[in-house]
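To keep things clear, I will list the structure first and then write my remarks on it.
Everything quoted here is computed from the prediction, not taken from an experiment. The chains referred to below are lettered A, B, ... by the order of the sequence lines, with proteins before strands, and numbering in each begins at 1.
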Number of protein chains: 2
Amino acid sequence: MAVPDPLPSAQRRGRPRSAAADRAILAATRAALVEIGWSRLTMGEIAQRAGVAKTTLYRRWAAKSELVIDAVAVLFDELRLPDRGCLRADVEGVVLSFAALLRRPEAKTALMAVLAESTTDEALRPRIREAIVDRQKRLVLDGRARAQQRGELPPDPADPAETARVVDLIFDVIAGAVVHRSLVSDCPVDESWARLFTTLLLEGLGAVSPPPAPGGAAAGAAAPDGTEPTGGGR
Amino acid sequence: MAVPDPLPSAQRRGRPRSAAADRAILAATRAALVEIGWSRLTMGEIAQRAGVAKTTLYRRWAAKSELVIDAVAVLFDELRLPDRGCLRADVEGVVLSFAALLRRPEAKTALMAVLAESTTDEALRPRIREAIVDRQKRLVLDGRARAQQRGELPPDPADPAETARVVDLIFDVIAGAVVHRSLVSDCPVDESWARLFTTLLLEGLGAVSPPPAPGGAAAGAAAPDGTEPTGGGR
DNA sequence: GTCATTCCGCTACGAGTCGTAGCGTAACTT
DNA sequence: AAGTTACGCTACGACTCGTAGCGGAATGAC
């Protein structure tokens with residue numbers, strides 16, 4: 001999947017590629033990313049840490065960015081969305097677990113670096129989609145289906161294109177807000193922020209606008225003065 | 001502002017730094033970013049295009065990333081938020097104009113590249129904040145104040161910290177969604193998307209959930225089948 | 001004017017990285 | 001066995017890095 005695959009793995013003759021070398025290279029890439037960052041990360045350094053020859057790297061990956069994508073893709077596979085009982089709790093949960101992933105140095109460094117490369121490398125973009133973006137989008141689909149089963153959201157409409165537009169929008173809003181808060185604004189994504197963000201997502205701008213004074217305008221756990229952790233789920 | 005400033009500009013003797021060279025260097029940096037991208041951008045290339053010596057660059061900027069920040073900061077100054085008459089139209093407007101900025105190759109390439117660098121370079125983050133992030137955040141403050149004057153949003157509450165939390169949240173949601181849609185999902189931010197996003201932001205998840213069938217649940221221009229451009233303002 | 005100071009353009013340098021080529025050897029298929 | 005492919009190793013030219021040293025130009029202080 002990751003590797004160029006000189007022949008489509010069918011009818012392969014000769015010595016096969018070492019799977020152990022693959023694992024060592026990807027692990028060494030993650031470790032090196034944590035310690036020295038993207039800009040000082042070199043192919044020679046990775047090869048040395050992995051205990052393989054530099055030429056072996058170039059036989060499998062055409063560029064540093066492609067190698068790094070494969071190295072961190074597994075991290076985005078670890079994302080899970082356990083059922084927390086209601087839509088609000090599920091959203092807060094996915095926000096916090098995605099933020100936890102972005103706190104890992106190798107994840108955030110690799111993500112931003114390959115995105116930067118992709119702005120000038122057309123071929124890199126589909127690769128990022130498959131390895132990283134799509135692995136997060138499934139969480140939105142899962143959480144949405146679950147909320148529909150609970151009756152918290154209406155079932156899919158007749159037009160599947162309209163459904164896709166809304167799912168894409170929700171995905172961009174959640175992932176974008178967490179990434180921007182974490183990596184651009186450089187502020188912590190904690191339970192307090194996750195609660196406020198979820199209120200905005202579910203109920204709109206009016207629900208988070210300051211006046212906590214008037215009675216029961218906002219529904220449920222939206223009270224900005226609330227001190228209890230999650231309000232509903234966990 | 002940008003330059004290390006060997007002496008605090010007070011009591012400067014000797015030959016002053018050439019402002020023309022500064023302009024030429026920053027312009028050359030932007031042009032080179034468009035043509036060859038971040039990874040192949042070298043200090044020697046910039047110096048050659050600007051018609052200055054490479055040593056002149058190193059006398060003023062310690063690293064490529066700092067130079068690029070200063071080169072693109074002016075682009076983020078061009079963002080404006082004209083009064084479109086109502087909050088909904090103002091939000092759609094700022095979404096579209098920010099998306100237009102991110103369509104410029106030098107802006108998106110530079111933004112993502114310096115953000116990637118900042119994940120491993122502590123000193124770079126405040127610099128990005130001043131030069132780029134804060135110049136967008138003022139738009140949120142402007143639009144919010146305008147909406148309060150119109151009576152679309154309640155006035156600021158007693159606790160200014162609560163106001164700051166909400167403003168930061170709105171900023172991260174808008175900027176994050178646009179950046180994620182444009183540069184990560186790699187999909188166009190057009191009027192249709194801006195309208196849908198604004199509905200979500202103002203009214204919450206229920207307003208964009210598919211069923212357009214039942215009568216008048218969603219308010220105003222939220223109808224997903226709407227074909228008219230902006231719905232309200234201009 | 002003269003002096004001190006600071007910036008500029010130029011050249012040169014060692015160090016490091018890049019991506020590739022060539023070799024002999026190891027591992028697997030038929 | 002023979003054929004094929006991957007591996008580790010070494011070496012290479014090309015490029016970029018960031019710095020140092022030089023002579024000359026532009027300013028402020030006197």
Between P on C:dG9 and CZ on B:Arg17, what's the gap in Å once rounded to a whole number?
12 Å
Show each protein N/O and nucleotides 1-5 of chain C N/O combination with a separation under 3.5 Å, one pair to a line.
none

Do the side chains of B:Asp168 and B:Lys137 get close enough for a salt bridge, i.e. N-O under 4.0 angstrom?
yes
Flag the pair B:Arg40 and B:Glu35 as a salt bridge only when some basic side-chain nitrogen lies within less than 4.0 angstrom of an acidic carboxylate oxygen.
no
Pairs meeting criterion side-chain hydrogen bond (donor to acceptor under 3.5 Å, both in side chains) with involvement of residues 23-33 of chain A, two or more places apart:
none
Does the pair B:Arg146/B:Asp90 count as a salt bridge with the N-to-O cut at 4.0 Å?
yes
If you assign A:Lys64 and B:Ala21 each to the DNA chain C nucleotide with the nearest heavy atom, which residue ends up on the more 5' nucleotide?
B:Ala21
Side-chain atoms of A:Thr42 come closest, of D:dG18, C:dT17, D:dG21, to C:dT17
Any side-chain donor-acceptor pair under 3.5 Å between B:Arg165 and A:Ser192?
yes
For C:dG16, does the base pair up with any side-chain atom of A:Arg40 as donor and acceptor (N or O, under 3.5 Å, distance only)?
no
Does either side chain, that of B:Thr109 or that of A:Thr120, offer a donor lying less than 3.5 Å from an acceptor on the other one?
no
Mapping B:Tyr58 and A:Thr56 onto DNA chain D by nearest heavy atom, which one lands closer to the 5' end?
A:Thr56
Verify the contact: side-chain N or O of A:Ser18 to OP1 or OP2 of C:dA27, cut-off strictly under 4.0 Å; return yes or no.
no
Would you jot down, in residue-number order, the residues of residues 43-55 of chain A having a non-hydrogen atom under 4.0 Å from DNA chain D?
A:Gly51, A:Val52, A:Ala53, A:Thr55
Please check if any side-chain donor atom of A:Thr199 sits under 3.5 Å from a side-chain acceptor atom of A:Arg88, or the reverse.
yes
Are the side chains of B:Arg195 and B:Thr198 in touch, meaning some heavy atoms are under 4.5 Å apart?
no
